[in-house]
Amino acid sequence: MSQPTAEEIRAASYVGFDSITRQIEKKLLKRGFQFNVIVVGQTGLGKSTLINTIFASHLIDSKGRLEADEPVRQTTDIHPVSHVISENGVKLRLNIVDTPGYGDQINNENCWDPIVKYIKDQHSAYLRKELTAMRDKYIVDTRIHCALFFINPTGHSLRPIDIIVMKKLSEVVNVVPVIAKSDSLTPEERDNFKSKIRAELVYHNIRLYPFDTDEFDEDELKHNDSIRSMIPFAVVGSERNVIIDGKPVRGRKNRWGVVNVEDERHCEFVYLRDFLLRTHLQDLIETTAQIHYEAFRSKQLLALKEASSAGARPAGSTA
Ligand SMILES: Nc1nc2c(ncn2[C@@H]2O[C@H](COP(=O)(O)OP(=O)(O)OP(=O)(O)O)[C@@H](O)[C@H]2O)c(=O)[nH]1
Ligand SMILES: [Mg+2]
């Protein structure tokens, strides 16, 4: 009998565990994915509009102004909307949390409190579910994976309140800043404003998403650098179609002409959408669990431990 060839030896020792990637994929596809976004910023900057632009259909419709002659809407409470979207068999459950704008009161002190509380409440709910003895196999995840922070397109600088709110938010969630209504700036004004904001963010030591980890390869690190050099994304939102070259596109008419939201030469909406949904969706979810939720969880558990050991001490003991 002839000796087995190297090919035959390889074939005989193949047991097939490399199919685990397909097994995982199948399971994940069945289960689907959950992505939760919150929008934060001053009143009237187009938060509700942008959400409807990113996710195409009118997701935030309960208070939405769908017809031009309807009165101007204003978001008055923290308002989550759930939506299931599906692409090529991949199911994504979206939770989009619209928030009322701030900044129009004389006293804006602590205007960020309800939003930070909302984000922490989701961490707290998740932790409670994790800690129950009979925990669910799959915990419904309402933890916020991304906070889109809206900056007023003044062309000058950030307002002190924006710096405070971004700082507070960045302690609990992935923050992605955007320049709202950027159709009001010329391309030159826009680029100047963007670099001014980036310098201010560095100056105020505001730690924004994305974060690099030592797991990243060269391409991923490079991609994150390019994202950082683009932040804040200058966006334009629209819930309506306008006709350009005979075709309906999502856009706005302004005094300079027509802005096509999806045209990269007009605004950076497409870059933002690609960043959120095409390139960083999984990383936003993972960073939330591994950095923000983990920090919350360990703080809570330590506090719980301290409280229980203090309770166990004999009365009067100070040790
Ligand atoms: N020029 C311009 N106008 C916009 C843009 N996005 C929204 N708007 C308009 O700005 C107005 C306010 O938009 P909303 O989306 O309701 O703003 P909001 O931030 O949700 O406001 P609050 O809920 O009050 O905080 C509406 O009339 C929008 O049509 C934009 O990108 N450019
Ligand atoms: Mg709104």
Side-chain angles (χ1 to χ4, degrees), residues 37-81 83 94-106 108 111-116 118 144 146-155 158-159 161-162 165-166 169 175-187 189-190 193-194 232-242 244 249-273 276:
V37 188
I38 199 165
V39 289
V40 186
Q42 211 185 311
T43 298
L45 287 183
K47 297 182 290 299
S48 305
T49 307
L50 192 81
I51 289 173
N52 286 339
T53 317
I54 297 180
F55 302 107
S57 55
H58 289 287
L59 297 178
I60 296 183
D61 49 5
S62 63
K63 296 191 189 94
R65 189 172 61 123
L66 302 181
E67 297 301 328
D69 52 2
E70 284 177 31
V72 173
R73 62 175 175 205
Q74 187 167 15
T75 312
T76 49
D77 49 9
I78 296 183
H79 179 66
V81 176
H83 205 83
L94 274 173
N95 243 343
I96 301 170
V97 185
D98 200 6
T99 66
Y102 57 79
D104 47 2
Q105 293 88 7
I106 296 168
N108 286 310
C111 60
W112 57 84
D113 269 358
I115 297 169
V116 170
Y118 182 88
I144 301 293
C146 176
L148 287 179
F149 183 83
F150 284 63
I151 297 168
N152 204 338
T154 58
L158 291 170
R159 299 185 320 160
I161 182 97
D162 290 335
V165 176
M166 263 195 272
L169 284 174
V175 179
V176 174
V178 300
I179 298 175
K181 299 186 175 181
S182 72
D183 51 323
S184 60
L185 300 170
T186 65
E189 286 169 338
R190 178 183 96 179
F193 192 35
K194 276 168 67 118
F233 296 95
V235 295
V236 175
S238 171
E239 290 161 339
R240 266 164 246 287
N241 289 335
V242 291
I244 296 182
V249 295
R250 217 147 249 268
R252 313 191 71 90
K253 284 200 182 93
N254 66 15
R255 58 197 154 117
W256 293 292
V258 179
V259 182
N260 177 357
V261 165
E262 304 242 4
D263 188 332
E264 287 130 64
R265 290 166 304 176
H266 294 184
C267 78
E268 295 169 335
F269 168 76
V270 171
Y271 294 113
L272 172 69
R273 190 180 56 191
L276 292 180

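First listed ligand is number 1; within each ligand, the first listed atom is number 1.
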Trainee: Are any of the side-chain heavy atoms of Val81 and Asp98 separated by less than 4.5 Å?
Mentor: no
Trainee: Closer than 4.0 angstrom: is that true for some heavy atom of Gly44 and an atom of ligand 1?
Mentor: yes
Trainee: Is any side-chain heavy atom of Val176 closer than 4.5 Å to one of Leu272?
Mentor: yes
Trainee: Apply side chain to side chain contact (heavy atoms under 4.5 Å, CB included) to Pro153 and list each qualifying residue two or more places apart in sequence or on a separate chain.
Mentor: Leu45, Ile179, Lys181, Ser184, Leu185
Trainee: Please name the pair of heavy atoms, one in Arg190 and one in His266, separated by the smallest distance, quoted to 0.1 Å.
Mentor: NH1-O, 3.6 Å
Trainee: Pick, from Asn52, Val40, Asp183, Thr53, the option with the minimum heavy-atom distance to atom 32 (N) of ligand 1.
Mentor: Asp183
Trainee: What atoms of ligand 1 come closer than 4.0 angstrom to any heavy atom of Gly237?
Mentor: 5 (C), 6 (N), 30 (C), 31 (O)
Trainee: Select one of side chain, backbone, both or neither to describe which atoms of Arg252 lie under 4.0 Å from any atom of ligand 1, heavy atoms only.
Mentor: side chain
Trainee: Ignoring hydrogens, what is the shortest heavy-atom contact between Ile78 and Pro114? Give both atom names and the distance.
Mentor: CD1-O, 3.6 Å
Trainee: Heavy atoms, side chains only, cut-off 4.5 Å: are Val40 and Trp112 in contact?
Mentor: no
Trainee: Just distances here: any N/O of Val236 and N/O of ligand 1 closer than 3.5 Å?
Mentor: no
Trainee: Would you mind running through ligand 1 and noting each atom that sits below 4.0 Å from a heavy atom of Thr43?
Mentor: 24 (O), 25 (O)
Trainee: Below the 3.5 angstrom mark, is there an N/O of Leu45, backbone or side chain, next to an N/O of ligand 1?
Mentor: yes
Trainee: What is the minimum heavy-atom distance between Leu50 and Val236, and which atoms define it?
Mentor: CD1-O, 4.0 Å
Trainee: Are the side chains of Pro100 and Thr76 in touch, meaning some heavy atoms are under 4.5 Å apart?
Mentor: no
Trainee: Using a 4.5 Å cut-off on heavy atoms from C-beta on, say whether the side chain of Phe193 contacts that of Ser182.
Mentor: no
Trainee: So if I apply the salt bridge (charged side-chain N to carboxylate O under 4.0 Å, His left out) rule between Glu262 and each of Arg273, Arg252, Arg250, which one comes out positive?
Mentor: Arg273
Trainee: Please say whether Thr99 places an N or O atom under 3.5 Å from an N or O atom belonging to ligand 1.
Mentor: no
Trainee: Hey, is ligand 1 close enough to Asp98 that some N/O pair sits below 3.5 Å?
Mentor: no
Trainee: Taking 4.0 angstrom as the limit and counting only heavy atoms of Thr49, give me the atoms of ligand 1 inside it, by number and element.
Mentor: 6 (N), 7 (C), 13 (O), 14 (P), 15 (O), 28 (C)
Trainee: Leaving waters out, which protein N, O or S atoms fall under 2.8 Å from the Mg ion (ligand 2)?
Mentor: Ser48 OG, Thr75 OG1
Trainee: Exactly one of Phe149, Phe269, Phe150 should register a side-chain contact (heavy atoms from CB on, under 4.5 Å) with Val178. Which one does?
Mentor: Phe150
Trainee: Mind checking whether Ile54 and Val37 have side chains closer than 4.5 Å, heavy atoms only?
Mentor: no
Trainee: By number and element, which atoms of ligand 1 are closer than 4.0 Å to a non-hydrogen atom of Gly101?
Mentor: 25 (O)
Trainee: Less than 3.5 Å between some nitrogen or oxygen of Ser182 and one of ligand 1, yes or no?
Mentor: no
